[in-house]
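Right, one structure below, let's go through it.
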Amino acid sequence: IQIDPLSKDDTAQMIRGLGKLSDAPSRFAERVYAETEGSPLFIVETLRGLFDGGYLSVNADGVWAIPLDRQRDESARLPLPASLREIIRIRVARLAENHKRALDSGAILGGRFDADALGVISGMKPETLQDSLRELRRLGLIIETPPGCEISHIRIRDYLLDGMEQDERRELHRRAARLLEVVPNSALEQIAYHFQQCGQTHLALAALEQAGDAAMKIFAYKTAAGHFESALQLMKEDEDVSARLRVLLKLYRCLWGTSHDLNRLETILEEARAIAEGLGSEKDLAEVYYHSGVNRISRGEWSQARGWLEKSIAHALNEFPEIEMKASLEMTNILQYMWLNAEAREHGQRALTLAQSLGDVRVEERARWDLAEFDMNVVNQSQLGLEIAERAFETGTVELIIDLGSSIVGALLRAGNPGSALEQAERFLAFGREQGIQVFVKTIQRAQARVLLDIGQYETALGLLKESL
């Protein structure tokens with residue numbers, strides 16, 4: 001008898017009905033659905049196993065108590081009930097050796113796999129493998145998901161992985177990693193996973209860092225941060241501290257624009273400073289002190305920010321012009337806030353000169369914008385902003401648009417041109433959404449809301465502010 005799987009909502013309602021609950025336990029129901037894939041048999045047996053294990057209980061009125069619904073950490077899998085384990089064991093135990101080999105190899109690959117990949121991992125001849133795949137499909141242990149196949153249920157895969165000999169499992173993971181390395185467009189995080197599982201940690205670390213770098217290039221900062229955090233967890237703190245420093249700084253750059261947890265950012269920088277000071281590298285010290293200054297700017301701590309940036313410039317001076325340039329640019333903004341205009345202009349001019357010598361268009365345009373605070377009235381500065389934005393769109397200088405988008409909208413408003421401010425805000429929003437840069441989108445929404453408040457469109461502005469939060 002073929003029974004179709006339940007949907008996520010149906011699973012929640014099933015648990016609500018069985019447990020005589022007033023509301024569906026949404027978080028718990030999602031976990032049950034994810035681990036049973038909606039199979040009614042697997043749902044019932046999973047619930048039975050959770051009662052047997054003391055994870056669920058029932059009161060005198062027959063109402064269930066589900067502590068797991070309040071559990072925030074959902075990384076741990078629900079236990080596989082003994083009844084389900086026995087059902088799966090009986091089905092797997094009947095398999096011929098070749099069929100079991102093919103199924104084990106599919107479990108290692110996970111998700112969807114094709115016959116070619118399975119052949120490489122299993123080492124089976126094509127005709128033998130095809131015979132095994134036909135039998136596994138007939139038994140319902142794998143299903144066709146064109147252009148490949150997958151194991152019919154995640155719990156079957158869990159059982160297979162748990163039952164493998166360690167040496168066999170490691171060898172299959174090693175083969176999977178080597179295969180994915182030569183397959184175009186393979187997910188680097190999958191390569192890292194297989195290398196980690198076969199004990200080749202150094203190769204897993206390299207793949208995770210590459211995955212993070214690739215995500216940063218498309219501004220997927222949260223994804224990139226996840227890869228860098230995974231890499232740091234794999235690293236031993238007493239091994240290759242220069243590599244740890246490199247990854248820490250990449251993680252910081254990802255989180256700086258996406259995280260509101262400034263204390264966490266400072267914790268990352270504290271570790272980075274300790275490593276850099278231990279290594280004694282002038283470049284590392286200049287880089288870490290630069291980021292320490294930028295983080296203090298985010299906290300509004302101008303004096304502390306100035307101190308870190310001065311240290312950065314001192315270590316970078318005449319040796320590392322790119323870091324000196326970036327630190328000088330940030331110093332320009334700090335000193336403007338501190339009303340030290342002469343020093344601010346000096347740092348702005350230094351940043352501009354270095355940017356021109358290095359051919360860094362982004363910093364050159366930003367320095368021109370900052371210096372315009374001294375040399376132009378607000379109308380002329382807003383016009384300069386429009387020119388910079390136009391050049392940035394023409395040349396695809398994405399970072400510059402992100403850097404100055406909000407400031408340009410604000411300058412147009414201060415110049416008494418709210419219509420142009422809203423027009424540019426819409427343009428920046430369209431760009432941010434097209435690029436998938438949510439942090440930038442929210443920043444522009446807040447700038448747009450300020451314009452709308454200024455022209456009396458309070459309800460629309462309030463809606464934008466809520467959306468930006």
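If you read the sequence from its start, that first residue is 1, and numbering goes on from there.
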| field | Identified salt bridge (charged side-chain N to carboxylate O under 4.0 Å, His left out) partner of E168 from the options R175, K100, R101 | value |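 Only match with E168 under salt bridge (charged side-chain N to carboxylate O under 4.0 Å, His left out): R101.
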Using atom types as modelled and distance alone, determine if a side-chain donor or acceptor of [X] lies under 3.5 Å from a backbone N or O of [Y].
X: E35; Y: L78; result: yes
X: T128; Y: M124; result: no
X: R244; Y: L232; result: yes
X: T397; Y: L400; result: no
X: Y252; Y: H291; result: yes

Hey, what do you get for [atom1] ([X]) to [atom2] ([Y]), rounding to the nearest 0.5 Å?
X: L18; Y: W64; atom1: CG; atom2: CH2; answer: 4.5 Å
X: L160; Y: L103; atom1: CG; atom2: CG; answer: 4.5 Å
X: L262; Y: W256; atom1: CG; atom2: CH2; answer: 10.0 Å
X: L205; Y: Q210; atom1: CG; atom2: CD; answer: 11.0 Å
X: T11; Y: L6; atom1: OG1; atom2: CG; answer: 5.0 Å

Should [X] and [Y] count as side-chain neighbours, where that means a heavy-atom distance under 4.5 Å?
X: K20; Y: D61; result: no
X: R91; Y: I156; result: yes
X: R296; Y: E266; result: yes

Ring centers of [X], [Y] separated by less than 6.0 Å:
X: W308; Y: Y290; answer: no
X: Y193; Y: H173; answer: yes
X: F431; Y: F393; answer: yes

| said: Apply side-chain hydrogen bond (donor to acceptor under 3.5 Å, both in side chains) to residues S292 and R273 and explain how you reach the verdict. | reply: CA-CA 9 Å; S292 298; R273 285 197 297 268; 2.8 Å; yes
N-O pairing of [X] and [Y] below 4.0 Å:
X: E86; Y: R89; answer: yes
X: D403; Y: R362; answer: yes
X: K326; Y: E287; answer: yes
X: R299; Y: E301; answer: yes

Could you report the tightest heavy-atom contact between [X] and [Y], atom names first, then the distance?
X: A392; Y: I401; value: CB-CG1, 3.6 Å
X: D104; Y: M164; value: O-CE, 3.4 Å
X: A389; Y: Q424; value: CB-OE1, 4.3 Å
X: V451; Y: A421; value: CG2-CB, 3.9 Å

| Within 6.0 angstrom of E322 CD, more than 12 heavy atoms from elsewhere |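 Check fails, neighbour count at 12 or below.
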| message | Counting only heavy atoms not in E165 (residues, nucleotides, ligands), do more than 12 fall under 6.0 Å from its CD? | response |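 Count not over threshold, so no.
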| query | When you look at L245 and D284, which way does the side chain to side chain contact (heavy atoms under 4.5 Å, CB included) test go after all the steps? | reply | CA-CA 9 Å; L245 174 61; D284 288 339; 3.6 Å; yes
| query | With sequence neighbours left out, what residues match R169 under side chain to side chain donor-acceptor pair (under 3.5 Å)? | reply |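 By the side chain to side chain donor-acceptor pair (under 3.5 Å) rule, R169 matches no residue at all.
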| field | Name of the residue among H194, E181, R174, R178 meeting side chain to side chain contact (heavy atoms under 4.5 Å, CB included) with L203 | value |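 Output: one option passes, namely R178.
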Identify each donor-acceptor pair in which a side-chain atom of residues 133-153 lies under 3.5 Å from a protein atom, sequence neighbours left out, and give them as a table.
| from | atom 1 | to | atom 2 | distance (Å) |
| --- | --- | --- | --- | --- |
| E135 | OE1 | R138 | NE | 3.1 |
| E135 | OE2 | R138 | NH2 | 2.8 |
| T145 | OG1 | R112 | NE | 3.2 |
| S152 | OG | G140 | O | 2.7 |
| S152 | OG | L141 | O | 3.2 |
| H153 | ND1 | R155 | N | 3.0 |
| H153 | NE2 | T36 | O | 2.3 |

| task | Would you tell me whether Y289 and E277 have side-chain atoms, one donor and one acceptor, within less than 3.5 Å of each other? | result |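 Result is yes, a qualifying pair exists.
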| Partners of K250 by salt bridge (Lys or Arg N to Asp or Glu O under 4.0 Å), sequence neighbours excluded? |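 Counting only residues at least two positions away or on another chain, K250 forms a salt bridge (Lys or Arg N to Asp or Glu O under 4.0 Å) with E209, D213.
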| request: Using the side-chain hydrogen bond (donor to acceptor under 3.5 Å, both in side chains) rule, take N59 and S57 through it: C-alpha gap first, then chi angles, then the decisive distance, then the call. | output: CA-CA 7 Å; N59 67 18; S57 60; over 6 Å; no
| What's the verdict on salt bridge (Lys or Arg N to Asp or Glu O under 4.0 Å) for R48 and E45, showing C-alpha distance, side-chain angles and the deciding distance? | CA-CA 5 Å; R48 191 195 311 276; E45 293 301 326; 3.4 Å; yes
| Could you go step by step and tell me if E330 and R366 meet the salt bridge (Lys or Arg N to Asp or Glu O under 4.0 Å) rule? | CA-CA 10 Å; E330 298 301 337; R366 275 197 60 191; 3.7 Å; yes
